[in-house]
Amino acid sequence: MILEIENVKKTYKGKKKVEALKGISLSLKTGEIFGFVGPNGAGKTTLIKIIAGILRPDSGKVSIMGKSPFSPEGKRLRGFLPENPQTFRNLTGREFLNFCANVLGKPKETDRLLKMVGLEDAADRKIKEYSKGMLQRIMLAQSLIGDPPLLVYDEPLSGLDPIGRKEVKEIIKELKNQGKTVFFSSHIIEDVEELVDRAAIINEGRKIKVLELGKPANFTVRYFIEGKLFTEKVNREKLWEKIFYIRENGEIYEIKPTEIQLEELLNEGNN
Amino acid sequence: MKETINLSIGIFNEYFRDKIFYFIFSLSLLLLLSSFILQEMVVGEPGKVFKDMALNGITLFAVAVPVFITSQMISNQIQRKSIYLILSFPFSYSSIITAHLLAALYIIFISIVSYGLLAFALILPFEVWVLPIIIHAFLSLFLGLLLSSWAILFSSVTTTTLSALSTFIIYMVGSTFQTALEYSQQSGNPMYFVLKIIGYIVPNTTVFDLKPELIYRLNFSKSILWLAPIYSISAAIVLIAISSFILSRREL
Ligand SMILES: Nc1ncnc2c1ncn2[C@@H]1O[C@H](COP(=O)(O)OP(=O)(O)OP(=O)(O)O)[C@@H](O)[C@H]1O
Ligand SMILES: [Mg+2]
């Protein structure tokens, strides 16, 4: 397990108390891409800030390969992309990456990283001139300095146009090929389905369930029996049984994994 | 320490390239140039106006950089949420605060040195006036450090506007307080002790001010040249500790 989260709780103690995390537990296997999905205000950013070593939880434990996320060792094991990232504005992209490598005491791989996120041409322009997508990509590049095994990204796909989203998705896929573990949040389940091995659904500070997206749990089967079209939801275990039954009595029209509806999952959690 | 310095260099670059800095710089140039006009109008020792302007301009940097730049450093990053990246780096809160303070100090140093050189050149036709500028620049650097430490504290607590305002107010209070204190002692004010305690807390900016002595070649106690820096550095250390504590307690 590269990242372990045990019963983490956090209440913001501002003017109005907000119980943002009500006891979350998760663990990530090395090399997997893990999605963290929930609606606005679910507590995604709160948990990610804790993993990034920015915000202290009230109770519970988080460890990155056995290290505390608040320790310098723990912080060196993970790269981080904040939500709606912002950073120095008057540095150029190249200067910014060099700066980050310097302060982290890690080797400069600026050219490789710029190439990886496709910013070679904009490398010598000031960050304040960057578009939102470019900013997202330079910050992604920053997260990869020093080759950390775990990457923690808060909404890496939000606020981007379709092309920008595709580019970031490609980068995340490339990271998986390099054997990295990626933990990222999103409020859009389709994005997560496309990229991840597993996903946790969270709402109102509680984990609702963990989905194994590599193996869909439900299938929608459409078939003809005696000329009539039927549509039926079948779960994984019953699928073969159903297929044999249809083959004997009629004809299969289509079998596909059932699309996961975030709303349904959230309702399941409420019941 | 090396990492803190690397961090401070990045922060320095970010703010040194900011427009506000050029604004302050042009303002002080204007000040210097206006002394040409004044020079024509006043009678008296030639070069006196330039000397005044030289020293005042240096003080201006030591005050304006904390008020307009240092006070924005933390609060602005909190407002823009760019602070998250720095907080996610493997540094302690105190190194983050120290790095910002160092960055402010570099800006003050560079501006004071370049302005001082310019002033020196302008006074050169009248006399070779070096040592007073150096002494004043030296003291002003520590005034800048003291005010910047306050600015960083305000910046860690409140918004950009309020922290700029608070920094300015603490400077104003600090520069008038000592006179008020003397006055209240002479007049036997019952509140004198309360005022005296406050007097230890607010920055005593008069310590860094030798303008009349330098311009009129009066004698001054040389010990101020090491007492003032010690005062400024100790205050900075305390303020860094308080700011780091506050920043670590904020739920950002
Ligand atoms: N600094 C803060 N102080 C007080 N309350 C906060 C703070 N940050 C977040 N909250 C509250 O905590 C809850 C969880 O917020 P969080 O930002 O973790 O949600 P999220 O899942 O990231 O939402 P989004 O999809 O909108 O980014 C919300 O109710 C939010 O209002
Ligand atoms: Mg969020």
Side-chain angles (χ1 to χ4, degrees), chain A residues 10-14 17-18 20 45-46 48-49 51-58 67 69-92 95-106 126-128 135 138-139 142-143 145-146 148 152 154, chain B residues 1-23 69 72-100 102-103 106-107 156-158 160 244-252:
Chain A
K10 175 75 201 176
T11 300
Y12 289 104
K13 297 164 199 71
K17 283 196 178 169
V18 181
T45 300
T46 305
I48 286 185
K49 281 195 282 194
I51 303 171
I54 293 174
L55 186 71
R56 297 252 172 206
D58 299 334
K67 302 274 189 292
F70 298 93
S71 67
E73 303 81 41
K75 285 185 168 185
R76 283 173 202 282
L77 289 170
R78 59 100 192 100
F80 171 55
L81 175 78
E83 187 176 23
N84 305 319
Q86 281 294 336
T87 185
F88 293 132
R89 299 158 54 81
N90 294 318
L91 302 186
T92 66
E95 285 171 335
F96 171 66
L97 292 183
N98 285 335
F99 160 76
C100 292
N102 259 338
V103 298
L104 294 169
K106 293 192 167 167
K126 282 191 179 171
I127 289 179
K128 68 175 162 201
L135 190 59
I138 197 78
M139 293 293 276
Q142 161 282 132
S143 75
I145 289 171
V152 180
D154 198 358
Chain B
M1 197 59 209
K2 190 167 159 256
E3 287 166 349
T4 309
I5 289 173
N6 282 335
L7 184 58
S8 70
I9 292 171
I11 299 165
F12 164 75
N13 276 325
E14 169 74 3
Y15 287 93
F16 193 67
R17 293 177 190 176
D18 217 40
K19 283 194 195 77
I20 180 81
F21 177 73
Y22 295 106
F23 173 72
I69 299 178
Q72 308 300 295
M73 284 180 164
I74 306 288
S75 49
N76 184 30
Q77 289 192 66
I78 291 175
Q79 265 166 352
R80 287 182 49 227
K81 298 191 186 285
S82 58
I83 192 101
Y84 290 139
L85 183 70
I86 289 181
L87 291 179
S88 81
F89 286 159
F91 301 130
S92 63
Y93 286 97
S94 54
S95 358
I96 292 173
I97 296 284
T98 309
H100 281 89
L102 282 176
Y106 305 153
I107 296 177
S156 316
V157 185
T158 176
T160 49
S244 320
F245 178 75
I246 291 175
L247 195 62
S248 74
R249 283 306 163 108
R250 285 191 70 173
E251 288 181 321
L252 297 170

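Protein chains get the first letters and strands the later ones, always in sequence-line order, with residue 1 at the start of each. The structure presented is a predicted model; accordingly, all values stated were derived computationally and were not measured.
With a 4.5 Å cut-off on non-hydrogen atoms, A:Phe70 does not touch chain B at all. Both the backbone and the side chain of A:Tyr12 come within contact range of chain B, each with at least one heavy atom under 4.5 Å from a heavy atom of that chain. For A:Arg78, the part lying near chain B is the side chain, with the backbone staying farther off; criterion is any non-hydrogen pair under 4.5 Å. Using a 4.5 Å cut-off between heavy atoms, A:Leu55 touches chain B through its side chain atoms alone. Looking at A:Glu83, neither its backbone nor its side chain comes within 4.5 Å of chain B, counting heavy atoms on both sides. Heavy-atom distances place the backbone of B:Leu252, and not its side chain, under 4.5 Å from chain A.
The distance from the CD atom of B:Gln77 to the OG1 atom of A:Thr87 is 8.0 Å, given to the nearest 0.5 Å. Separation of atoms CG (B:Asp18) and NZ (A:Lys128) is listed at 6.5 Å; rounding is to 0.5 Å. The CG atom of A:Asn98 lies 11.5 Å from the CG atom of B:Asn6; values are rounded to the nearest 0.5 Å. If you take CZ on B:Arg17 and CD on A:Glu95, they are separated by 4.0 Å, rounding to the nearest 0.5 Å.
Between A:Lys75 and B:Glu3 there is no salt bridge, since no side-chain nitrogen of the basic residue lies less than 4.0 Å from a carboxylate oxygen of the acidic one.
Annotation: residues 86-95 of chain B contacts chain A through B:Ile86, B:Leu87, B:Ser88, B:Phe89, B:Pro90, B:Phe91, B:Tyr93 [non-hydrogen atoms, separation under 4.5 Å].
In terms of modelled atom types and a separation under 3.5 Å, the side chain of B:Lys2 and the main chain of A:Gly105 share no donor-acceptor contact. In terms of modelled atom types and a separation under 3.5 Å, the side chain of B:Glu251 and the main chain of A:Lys13 share a donor-acceptor contact. In this structure a side-chain-to-backbone donor-acceptor pair under 3.5 Å is missing from A:Arg89 to B:Glu14.
Heavy-atom minimum distance, A:Phe96 versus B:Leu85: CZ-CD2, 3.5 Å.
Shown here is B:Tyr22, whose OH atom has more than 12 heavy atoms of other residues, nucleotides or ligands within 6.0 Å. More than 12 heavy-atom neighbours from other residues, nucleotides or ligands sit within 6.0 angstrom of NZ on A:Lys126.
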